[in-house]
Amino acid sequence: MTERLRLREKLGYGLGDTASNFFFHTFNIFLLSYYVDVFGLAAAAVGTMFLVTKLVDAFTDVGMGMVADRTRSRWGRFRPYILFTALPFGAIGYAMFAGPDLSADGKLVYAYVTYSAMMVAYTVINIPYSSLMGVMSSSSDERTTLSTYRFVCAFGAQLLISGFVIPLKSYLGAGDEVRGYQLTMAIFAIASSALWLVTFATTRERVEPPAGQATDLKGDLAVLVKNRPWLVMVAAALFTLMNVAARGGATLFFMKYYVEDPDAVVFWIFDRTSTFFLSGTAAMVAGVSATKLFTQRFDKRVLMIALTLLNALGLAAFFFIPPDRFGLLLTLNFAATFIVGPTPALVWAMYADIADYGEYTFGRRTTGLVFSGAMFAQKTGLAIGAGVAGWVLDLYGFVPNAVQSEDAVLGIRLLFSVFPAILTALAAFVIFFYPLRDRDVERIGAELAAQR
């Protein structure tokens, strides 16, 4: 009988994604704006940097998965990387926003070096962290619950970031945006490193590869590229994360240059921009919290397709909202984001199912490689999406910190709505070819448990 995970372990695991999102979500919604409007880099140069740095990830992501699968330690295969990378992760994340006073070329070099270093640190800690979910329990239901805890904690962090980064950097910087970002990210760095250590201390690894499994890299890669469910989900991840990056990078510009009175205080200390971020993240928390209600009634594959298509429609609708209808903008943002809320938890539970499928079908368990390949696809999608955002802004004639032309505003609106909607619809189309149903996963899990 599969051991049920305790609340302490589920919550401890989830807090790892809280730690990760202190930087990941900050990058998604603030990094492009920080580099362009605060640090003074050209939008096109930033877009190119996001894409070029993926050349590093092409080696580190897949390599990290292979290394983790072969690691043997008293802490397991994946947990040691969380322990030893927790402090460097926070330190490098802070360095990205340190804002040194350099020449234009010096700033670009500094951005390349710190961003690349952060992507390596992110790989070293997050691929083992994501893979850890696949070995904490052999039960698909337990892993889905674990994934739900993970993303409730992740979006909890995003809720804090969405609502408090702008007022916090304004308060701490006292009018100096560079100083504001420095101090805000110092707080995030300390919190992130501490929470990673909590995750290490509260989790355990229980699922081992089949006894006597060969460890040759060629064999692992050959099995992975024959794993159809993995190929489908990787393709969907590319489209999904391109959407996330393009829209995330455009959000601040959309609020600043299109929406009327973005700095007007809506309630307490929150202006319209912070309120918009808060509404979306609160909806995401509510949506992911409802994951169990959905999975009790519907197959994961069917849910993914339906929710993704509905989200695409919601994203497209933003293009038609006038700049003075902030209440309507807020309502649509909450609804569209709630709809997509359960999908991250479903996706990562499905990757754990895919690791089981690989072991069942090919006799080899490559949990780290499955998750590292998925994360490489996601980071590639993020890089392409962020790169496209920078290039589109430049193409439409965007000028930092100035009144924008009609063409520039159109480019921002397209980045925020139509382009992400198309990418999201493509992701739903790809998931249609995902072959595993919940009944298949249950059967595979039962047979693997009997073999073990």
Side-chain angles (χ1 to χ4, degrees), residues 1-21 64-87 89 123-154 156-157 192-213 215 291-292 344-345 348-360 364-372 374-375 441 444-446 448-452:
M1 184 176 178
T2 302
E3 179 181 355
R4 295 188 63 84
L5 301 178
R6 295 182 178 180
L7 174 62
R8 173 177 176 270
E9 191 168 7
K10 294 175 183 176
L11 182 59
Y13 179 76
L15 289 174
D17 223 353
T18 302
S20 182
N21 269 276
M64 188 65 226
M66 292 179 173
V67 169
D69 275 333
R70 287 157 180 76
T71 297
R72 300 291 185 274
S73 78
R74 61 192 178 106
W75 300 296
R77 285 177 168 77
F78 306 117
R79 292 172 63 243
Y81 297 100
I82 297 174
L83 173 64
F84 293 113
T85 315
L87 295 181
F89 183 84
T123 293
V124 172
I125 200 166
N126 270 278
I127 284 176
Y129 170 72
S130 296
S131 304
L132 179 60
M133 184 177 68
V135 298
M136 288 174 64
S137 173
S138 60
S139 165
S140 180
D141 285 342
E142 282 290 278
R143 293 192 302 244
T144 300
T145 301
L146 195 62
S147 188
T148 302
Y149 271 84
R150 171 184 178 178
F151 285 100
V152 167
C153 290
S192 177
S193 295
L195 289 175
W196 277 126
L197 295 175
V198 170
T199 298
F200 167 79
T202 55
T203 54
R204 295 291 180 271
E205 299 181 25
R206 297 178 178 85
V207 179
E208 293 290 334
Q213 173 176 303
T215 58
T291 301
K292 191 69 173 178
W348 289 104
M350 289 162 77
Y351 279 122
D353 295 341
I354 289 168
D356 281 356
Y357 172 83
E359 179 182 350
Y360 176 79
R364 300 173 74 97
R365 188 172 189 90
T366 54
T367 307
L369 192 56
V370 165
F371 280 90
S372 66
M375 289 191 66
V441 172
I444 288 170
L448 287 176
Q451 291 173 18
R452 295 187 185 111

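Treat the numbers as computed from the prediction; the structure is a model and nothing was measured.
- Between Arg365 and Asp69, no side-chain nitrogen of the basic residue sits less than 4.0 Å from a carboxylate oxygen of the acidic one, so the salt-bridge criterion is not met.
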- prompt: Step by step, would you call Lys10 with Glu142 a side-chain contact (heavy atoms from CB on, under 4.5 Å)?
  reply: CA-CA 10 Å; Lys10 294 175 183 176; Glu142 282 290 278; 4.1 Å; yes

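- Under the 4.0 Å criterion applied to side-chain N and carboxylate O atoms, Glu208 and Arg77 are assigned as salt-bridge partners.
- Between Glu9 and Arg206 there is a salt bridge, since at least one side-chain N of the basic residue sits less than 4.0 Å from a carboxylate O of the acidic one.
- Side-chain contact check for Arg364 versus Glu359: every heavy-atom pair is 4.5 Å or farther apart.
- Looking at Thr148, its side chain never comes within 3.5 Å of a backbone N or O of Thr291 through a donor-acceptor pair.
- Not a single donor-acceptor pair under 3.5 Å links the side chain of Thr366 to the backbone N or O of Leu369.
- Between the side chain of Arg143 and the backbone N or O of Ala349, no donor-acceptor pair lies under 3.5 Å.
- Put simply, the side chain of Asn126 reaches to within 4.5 Å of the side chain of Met375, judged on heavy atoms.
- Residues Thr202 and Gly12 share a closest heavy-atom pair of OG1-CA, 3.2 Å.
- Between Phe84 and Trp75, the distance from one ring center to the other falls under 6.0 angstrom.
- Residues Tyr129 and Tyr81 keep their aromatic ring centres 6.0 Å or farther apart.
- In plain terms, the two heavy atoms of Thr199 and Ile82 that are nearest each other are CG2-CD1, 4.3 Å.
- Although no hydrogens or angles enter the test, the distance criterion places a donor-acceptor pair under 3.5 Å between the side chain of Thr18 and the main chain of Cys153.
- Here the shortest heavy-atom pairing between Thr71 and Gly76 reads CG2-O, 4.1 Å.
- Between Arg150 and Pro344, every side-chain heavy-atom pair lies at or beyond the 4.5 Å cut-off.
- For the pair Ser147 and Ala345, the tightest heavy-atom approach, listed with the atom from each and the gap, is OG-O, 2.7 Å.
- A 4.5 Å side-chain heavy-atom check between Tyr149 and Leu7 finds at least one atom pair inside the cut-off.
- Rounding to the nearest 0.5 Å gives a distance of 9.0 Å between CE of Met64 and CZ of Phe78.
- With Ser20 contributing its side chain and Gly16 its backbone, the two residues share no donor-acceptor pair below 3.5 Å.
- Going from atom OG1 of Thr144 over to atom CE of Met350 covers 10.0 Å, rounded to the nearest 0.5 Å.
- Looking only at distances, a side-chain donor or acceptor of Glu205 sits under 3.5 Å from a matching main-chain atom of Arg79.
- Between Val124 and Phe89, every side-chain heavy-atom pair lies at or beyond the 4.5 Å cut-off.
- The CZ atom of Phe200 sits 15.5 Å away from the CG atom of Leu15 when rounded to the nearest 0.5 Å.
- Rounded to the nearest 0.5 angstrom, Leu146 CG and Leu11 CG are separated by 10.5 Å.
- Nearest heavy atoms, Ser138 versus Asp356: O-OD2, 4.2 Å.
- The shortest non-hydrogen separation linking Leu132 to Arg204 is CD1-O, 4.5 Å.
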